[in-house]
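A quick note: this is a predicted structure, and the numbers were derived from the prediction, not measured. Just the heavy atoms: all of them, side chains too, but no hydrogens, waters or symmetry mates, feed the values below.
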Amino acid sequence: MLRSWRLVALLGGLLMAAAASARDIDAASYGYPLTNPFEATIATTPPDQRPTLPSDDDINQSDYSLNLRPERAFTLPDNFWAVKKLKYRLARQDHAAPLIFIIAGTGAPYSSSINEYLKKLFYQAGFHVVQLSSPTSYDFMSAASRFATPGISQDDAEDMYRVMQAVRAQHPRLPVSEYYLTGYSLGALDAAFVSHLDETRRSFNFKRVLLLNPPVNLYTSINNLDKLVQTQVKGIDRSTTFYELMLQKLTRYFQDKGYIDLNDALLYDFQQSKQHLSNEQMAMLIGTSFRFSAADIAFTSDLINRRGLIIPPKFPITEGSSLTPFFKRALQCDFDCYMTEQVIPMWRARTDGNSILQLVNQVSLYALADYLHGSDKIAVMHNADDVILGPGDIGFLRKVFGDRLTLYPHGGHCGNLNYRVNSDAMLEFFRG
């Protein structure tokens, strides 16, 4: 059923007026060293091929909090005290400057490693920078989301827009010359919907919007990631778990090196060693990471809404309560399970029983095709080998964005964002 819907969307795209060709980057001239998409997704860019950026000590930054859902202070369990207010990070210049909002990817907080990298990149280029959590992160769900059931892109965008407005209101004396917007992975999809919303609300009038590795069809991306966990991995059986296998490999790796060095170059160096992960093992590692994100989303949504799918509605939870048994139950629910059990029932209750095909369209870039096609201020940077893309997705991006699509040959899912070539391209786009 979902495949047929993708075909309809693709055929619809073919009817659009001919657009300029996308910027396809040649593999030989690009120079990114990792041609395996799984490896790139995990290890990202070798440290010597990243740009030189300022340290945290060189950045004027602070964390702030917003009290957007004060009623949650009374409804959330005591052990959720840390997320009853929404935190964000602001790095400010000492003069009037453009401000850029960065939206994190699936389940990620405002302080995620990619958000931190992008903050340093844009701050060095002279921007004020605001780092925001994903609408799917448990802190955003708890402290900012009206329905605490992320997955309906329009709803998530409206929640995010309120957060952005609240951030601006909290810093009335910050000298901002103009506003920009970006996001990576699911945060890029959120950025597209936020930009569309701003066309009518006009609070920011974003000058430029950059979508980094967005899902085209959210359901396709979800299914791709869910399938990675099901990969058959050599060396894993009933007596040896995936985590035990990983621990054994890391132990042997550090024994060979003669010391333990945990830094951002670890995974790249590890993949160059004889203990490196196979394609199947890397696929399962990526899938497992997203499975934990799905479990976190399902657990938090069920708890806040008291649906009783994971936690009994009247189960007493205090600050000393162990939530481990419930989180283990949540781990049995992948992204598709979360959408089926929590998002779709809520959406149907609010829309009087609309079809699943309508939901697939509404939560994907398909819903914004006309807007994105006609908006020169929005661009996309993506990778041809990104594991979240499905059949027809790149064709859709080509038709909708034309020469505002930059397509890199390698990089997996967001693995090349910290590559010097990509970083320079991002800055060039925002500088116009």
Worksheet item: Between S185 and N213, is any side-chain donor less than 3.5 angstrom from a side-chain acceptor?
Response: no
Discussion item. Would you say the rings of Y371 and H196 are close, in the sense that their centroids are separated by under 6.0 Å?
Written reply: yes
Worksheet item: Are the side chains of D334 and R291 in touch, meaning some heavy atoms are under 4.5 Å apart?
Response: yes
Discussion item. Does the Lys NZ or Arg CZ of R50 fall within the cation-pi geometry relative to Y117 - under 6.0 Å from the ring centre and within 45° of the axis?
Written reply: no
Worksheet item: Would you find more than 12 non-hydrogen atoms of other residues, nucleotides or ligands less than 6.0 Å from K377 atom NZ?
Response: yes
Worksheet entry | pair I311-F299: side-chain heavy atoms closer than 4.5 Å | yes
Practice prompt. Please name all residues satisfying side-chain hydrogen bond (donor to acceptor under 3.5 Å, both in side chains) with R168, sequence neighbours left out, ordered by chain then number.
Written response: none
Practice prompt. Side-chain contact test, heavy atoms from C-beta onward, threshold under 4.5 Å: evaluate it for R404 versus D376 and give yes or no.
Written response: yes
Fill in: Full working for ring-ring contact (aromatic ring centres under 6.0 Å, His included) between Y32 and Y419
CA-CA 8 Å; Y32 184 73; Y419 183 43; 5.3 Å; yes
Discussion item. Are the side chains of Y64 and V167 in contact, using a 4.5 Å heavy-atom criterion?
Written reply: no
Practice prompt. Run through K120, K119, R92 and flag the one making a side chain to side chain donor-acceptor pair (under 3.5 Å) with Q61.
Written response: K119
Practice prompt. Run the salt-bridge test on D159 and R146 with the 4.0 Å N-O cut-off and return the result as yes or no.
Written response: yes
Fill in: Donor on one side chain, acceptor on other, N383 and N416, under 3.5 Å
yes
Item to complete: May I ask you to check whether T149 and Q342 show a side-chain donor-acceptor distance below 3.5 Å?
Response: no
Practice prompt. Only counting residues at least two apart or in another chain, list the ones meeting disulfide (SG to SG under 2.5 Å) with C414.
Written response: none
Discussion item. Are more than 12 heavy atoms, taken from residues, nucleotides or ligands other than F122, located less than 6.0 Å from that residue's CZ atom?
Written reply: yes
Item to complete: Please find out if less than 6.0 Å separates the ring center of Y408 from that of Y30.
Response: yes
Worksheet entry | Under the ring pair (Phe, Tyr, Trp, His ring centres under 6.0 Å) test, residues paired with F206 that sit two or more places apart | F204
Item to complete: Go through the steps to decide whether R89 and E116 satisfy the test salt bridge (Lys or Arg N to Asp or Glu O under 4.0 Å), and finish with yes or no.
Response: CA-CA 10 Å; R89 184 165 294 163; E116 281 292 291; 2.8 Å; yes
Discussion item. Any carboxylate oxygen within less than 4.0 angstrom of a Lys/Arg side-chain nitrogen, looking at R398 and D403?
Written reply: no
Worksheet item: Just checking, is any N or O donor in the side chain of Y179 or N205 under 3.5 Å from an acceptor N or O on the other one?
Response: no
Worksheet item: Do L132 and V163 come within less than 4.5 Å of each other through their side chains, counting heavy atoms only?
Response: yes
Discussion item. So that I can tick it off, tell me whether E428 and R431 are bridged by a salt bridge, with the cut-off set at under 4.0 angstrom between side-chain N and carboxylate O.
Written reply: no
Worksheet item: Taking atom types as modelled, is there a side-chain donor on S153 or D156 under 3.5 Å from an acceptor on the other?
Response: no
